[in-house]
Amino acid sequence: MTQEIRLRFAPSPTGYFHVGGARTALYNWLVCKRLGGTFILRIDDTDEQRNRSEWTRGIIDALSWLEIDFDEGPYFQSQHKDRYLEVANELYEKGLAYYCSCTREEIDERARLRGGVPGYDGFCRHRGLASEAGYALRFMVPPGETLVNDVVRGAVAFDNSTIEDFILLKGNGTALYVLANFVDDVDLRISHVIRAEEHLPTTPKAVLLYEALKIQTPVFAHLPVLVNEKRVKLSKRRDRVAVEDFRDQGFLPEAMVNYLALLGWSPGDDLEFLDRQKMVELFDLSKVSKSPAFFDVVKMKHFNKHYIAAMDSDEFIKRCLPFLERNSWWQGSELQQASFRTIAPYVKERVALLTEVVEMVDFLFLDPSQLDVERYTLSDADVDMLLKFLSKVESIENFTRDTLEESFRSLGEEIGVALRKLQAPIRLSLTGRKIGPPLFVAMEVLGKERSLERIRDAIATRH
RNA sequence: GGCCCCAUCGUCUAGAGGCCCAGGACAUCACCCUCUCAAGGUGGAGACACGGGUUCGAAUCCCGUUGGGGCUGCCA
């Protein structure tokens, strides 16, 4: 019988969804698609104190935005409590687990007396305690060695004497993570467990459970953690790495997915830009890197810029709308949309983030008085040039980018000034900014009347 | 402290004993192109942590050291 391929992404909703989780989800998804398996979302919400439903919502939204779709779920661990109890009881009945009455304080105190080595000492192992309120159920770790076969790290051996008799059931009768995870992975027939490296130390505990109940272990793979600039594991509290924030900043999901795929994995052949299909085709868990990777927003921005520039204009316009709509000056009228449509192709290749679009086009929609004019003083020469430009352009019937450029070039020749020098004061008068889309396109979209008026205003109000 | 993992340019990585006095990408610097910006082009600087082995030959294998990281919770 061939083994069914079933993978799960099992986040715990204890905070906003961050890029590390997204990377783990993506790798699971890629392996799953590559192997033609079933992808499952499971919400590991056994810790009721710290879980909040809005976090679950956030995880699902972010996954959907990244187009990491699942075939089954979401399942919730909080709904499987009975099963955990059932398995815990089975372990107890078989003599593989025992009840323990020790408090944290007692354990620490004994550890201190022993010489400071922390951890549980097996105090209740042979006391034959029965189930009672407040008593925890502990797994009786057998002597020997436990091997974790990890696809990215190879065989990792743990001496069982270094694994304490871990808790299965808390004193309040609910399951702890190791048990809950094990039971669900078995019940959901999970074939591959792919998660971050921080889970590696608890994996032998899971393996012990599989062995105790004589169940075939899944394939394990532990991904290197994502770190910040200090090379410390990304933290929800310290680091601003919420997937949602990146979306709000104008990152494209395809750029983010592409970047994330390459954080810890390389397809070789100097390949960098990969679409989904290519990723699925080339992804190979055994080629995943073993060392921590720095999450570099600067590089992700580069990917984003590439994807924005490569998009066709209609798609670009569509994706910009939510960002334009954040501004009070955007009403989405026919005229506004037409203006934006004309300038969009030029904006598209100039921004790294969708949020940057706003400052590139706002001059088209803002009243001149609202333009946030950057500090710049027009010199006498500037004014002189502006006047000459005005007189040249006033007579233009056909006010287009081509005729404007022609006038501009001939003016440059006449007064012997480089075009780069000439454009600066004009741009500033029209847009209030020193940089922006090509000047003549901007003027064409702005129209003759508004363009000339803004230049005249600039001259009149110079200081 | 204990257990475990890791170690190539600032960053992400290619490299599975000779193809490597180490390749690509981001960032950075210079120049070219150019109506600004961006893009593009050309070029520069920039790494195999260290020490021992193994081998005719090591970034690649082994051991050690150092450094970094993860875990060490009745969190996940």
Side-chain angles (χ1 to χ4, degrees), chain A residues 10-14 44-47 49-51 77 100 102-104 107 115-120 134-138 148 150 152-154 156-159 161-164 166-178 180-181 195-204 222 224-225 227 229 231-233 259 262-273 287 289-296 298-303 305-306 309 346-352 360 404-405 408-409 412 418-424 426-428 431 433-442:
Chain A
S12 99
T14 53
D44 283 8
D45 56 351
T46 51
D47 182 0
Q49 309 299 315
R50 305 199 309 153
N51 295 147
Q77 289 199 321
C100 167
C102 300
T103 63
R104 186 74 242 172
I107 294 167
V117 184
Y120 183 63
Y135 287 10
L137 182 69
R138 287 181 182 273
V148 174
D150 189 287
V152 344
R153 279 151 221 285
V156 184
F158 294 84
D159 186 327
S161 67
T162 66
I163 306 172
E164 66 174 19
F166 55 92
I167 289 178
L168 263 12
L169 249 34
K170 304 185 219 175
N172 65 9
T174 62
L176 203 55
Y177 154 82
V178 179
N181 239 285
R195 69 234 296 201
E197 194 196 340
E198 66 226 45
H199 294 275
L200 187 53
T202 68
T203 305
H222 288 91
V225 293
V227 298
E229 63 288 340
R231 302 215 71 84
V232 176
K233 188 176 80 162
Y259 175 67
L262 263 27
L263 259 194
W265 169 69
S266 164
D269 291 333
D270 296 335
L271 248 44
E272 290 259 79
F273 296 110
K287 292 188 74 178
S289 150
K290 298 179 187 66
S291 35
F294 170 61
F295 178 77
D296 186 1
V298 174
K299 186 153 187 178
M300 186 162 76
K301 248 174 131 170
H302 169 258
F303 276 79
K305 190 169 192 359
H306 171 91
Y346 300 91
V347 174
K348 183 164 76 83
E349 51 196 26
R350 287 175 165 73
V351 295
M360 286 235 117
L404 284 163
E405 179 163 2
F408 185 71
R409 285 187 185 281
L419 302 185
R420 47 185 301 109
K421 297 273 185 199
L422 278 189
Q423 63 87 34
I426 303 176
R427 177 183 303 283
L428 201 80
T431 71
R433 291 197 159 87
K434 290 175 182 166
I435 60 169
L439 195 52
F440 312 116
V441 179

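Everything quoted here is computed from the prediction, not taken from an experiment. Chain identifiers are assigned alphabetically (A, B, ...) following the order of the sequence lines, protein sequences preceding nucleic acid strands; residue numbering begins at 1 within each chain.
Here the closest non-hydrogen pair linking A/Gly412 and A/Leu422 is CA-CD1, 3.5 Å. Nearest heavy atom pair, residue A/Glu272 against residue A/Lys299, reads OE2-NZ, 3.9 Å. The heavy-atom pair separating A/Lys305 from A/Val351 by the smallest distance is CG-O, 3.5 Å. The shortest non-hydrogen separation linking A/Tyr259 to A/Phe294 is OH-O, 3.7 Å. Closest of all the heavy-atom pairs between A/Phe158 and A/Ile163 is CB-CD1, 4.2 Å. In this structure, A/Phe408 and A/Gln423 approach most closely via the heavy-atom pair CZ-N, 3.6 Å.
Nearest nucleotide to the A/Arg350 side chain, out of B/C37, B/C74, B/C6: B/C37. Nearest nucleotide to the side chain of A/Ser266, out of B/A14, B/C26, B/C3: B/A14. With distances taken from any side-chain atom of A/Ile435 to the nucleotides B/A76, B/U11, B/C37, the minimum falls on B/C37.
Within the 4.0 angstrom heavy-atom criterion, base atoms lie near A/Gly171. In this structure, A/Gly412 reaches neither bases nor backbone, as no heavy-atom distance under 4.0 Å exists between it and the strands shown. A/Ala10 comes within 4.0 angstrom of no nucleic acid atom, judged by non-hydrogen atoms across all strands. When heavy atoms are screened at a 4.0 angstrom cut-off, A/Leu176 is found touching the sugar-phosphate backbone but no base atom. Residue A/Lys301 is classed as having no contact, given no heavy-atom separation below 4.0 Å to the nucleic acid. Within 4.0 Å (heavy atoms only), A/Phe294 reaches sugar-phosphate atoms of the nucleic acid but no base atom. Across all strands shown, A/Ser291 has heavy atoms under 4.0 Å from sugar-phosphate atoms exclusively, and none from any base.
In this structure a side-chain-to-backbone donor-acceptor pair under 3.5 Å is missing from A/Arg350 to A/Pro437. At least one donor-acceptor pair under 3.5 Å links the side chain of A/Asp159 to the backbone N or O of A/Ser161. Checking side-chain atoms of A/Arg231 against main-chain N and O of A/Pro292 turns up a donor-acceptor pair under 3.5 Å. Side chain of A/Lys348 to backbone of A/Ala309: a donor-acceptor contact under 3.5 angstrom is found.
Distance CG/A/Asp296 to CZ/A/Phe303: 10.5 Å, rounded to 0.5 Å. In this structure, NZ in A/Lys233 is found 10.0 Å from CD in A/Glu197, a value given to the nearest 0.5 Å. Here the CD-OG1 distance, from A/Gln77 to A/Thr174, works out to 11.5 Å after rounding to the nearest 0.5 Å. Remark: A/Tyr120 OH to A/Cys100 SG distance equals 3.0 Å, nearest 0.5 Å.
With both ends at atom C1', the span from B/G1 to B/C9 equals 36 Å, rounded to whole Å. The same atom, P, is picked in B/G41 and in B/G24; the two are 14 Å apart, to the nearest Å. As rounded to the nearest Å, B/U66 and B/G23 have C1' atoms that lie 29 Å from one another. Look at the C1' atom in both B/A14 and B/A22: the space between them is 10 Å, to the nearest Å. Taking atom P on both B/G17 and B/C75, the two are 48 Å apart, rounded to the nearest angstrom. A gap of 13 Å separates the C1' atoms of B/G46 and B/C26, to the nearest Å. A gap of 13 Å separates the P atoms of B/G10 and B/C50, to the nearest Å. B/G53 and B/G68 are spaced 25 Å apart, taking the C1' atom of each and rounding to whole Å.
Going from atom CG of A/Asn181 over to atom P of B/A76 covers 9 Å, rounded to whole Å. In this structure, CG of A/Leu271 is placed 13 Å from C1' of B/U13, rounded to the nearest angstrom. Taking atom CG on A/Asp296 and atom P on B/C9, their separation rounds to 15 Å, with Å as the unit. As a whole-Å value, the separation of A/His306 NE2 from B/A39 P is 13 Å. Rounded to an integer number of Å, the gap from A/Asp44 CG to B/A76 P is 9 Å. Look at CG on A/Leu263: it is 8 Å from P on B/C12, rounded to the nearest Å. Computed from coordinates, the A/Phe166 CZ to B/G2 P distance equals 24 Å when rounded to whole Å. Taking atom CG of residue A/Leu169 and atom P of nucleotide B/C75, one finds them 12 Å apart after rounding to whole Å.
Remark: B/C75 base-pairs with no nucleotide; criterion is Watson-Crick or G-U wobble with both hydrogen-bond distances under 3.5 Å. When Watson-Crick and G-U wobble pairs are counted only if both distances are under 3.5 Å, B/A49 pairs with B/U65. B/G43 is paired with B/C29 under the Watson-Crick or G-U wobble criterion, all donor-acceptor distances under 3.5 Å. The partner of B/G18 is B/C56, judged by Watson-Crick or G-U wobble contacts that both fall below 3.5 Å.
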Please enumerate all protein N or O atoms sitting under 3.5 Å from an N or O of nucleotides 29-35 of chain B, with distances to 0.1 Å.
unit_1, atom_1, unit_2, atom_2, d
B/C35, OP1, A/Arg409, NH2, 2.3

Listing time: all N or O pairs from protein to nucleotides 67-71 of chain B that are below 3.5 Å?
unit_1, atom_1, unit_2, atom_2, d
B/G70, OP1, A/Lys233, N, 3.2
B/C71, OP1, A/Lys233, NZ, 2.6

- Apply the test side chain to side chain contact (heavy atoms under 4.5 Å, CB included) to residues A/Met360 and A/Tyr346: give CA-CA distance (whole Å), side-chain angles for both, the deciding distance (0.1 Å), then the verdict. CA-CA 10 Å; A/Met360 286 235 117; A/Tyr346 300 91; over 6 Å; no

Letter by letter from the 5' end, nucleotides 19-25 of chain B scores (B base, S sugar-phosphate only, - none; protein heavy atoms under 4.0 Å) ----BSB

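Nearer the 5' end of RNA chain B, as judged by each residue's closest nucleotide, is the contact made by A/Thr162, out of A/Val178 and A/Thr162.
At the phosphate of B/A76, OP1 or OP2 sits under 4.0 Å from a side-chain N or O atom of A/Thr46. Phosphate contact (OP1/OP2 of B/C5, side-chain N/O of A/Arg153, threshold under 4.0 Å): absent.
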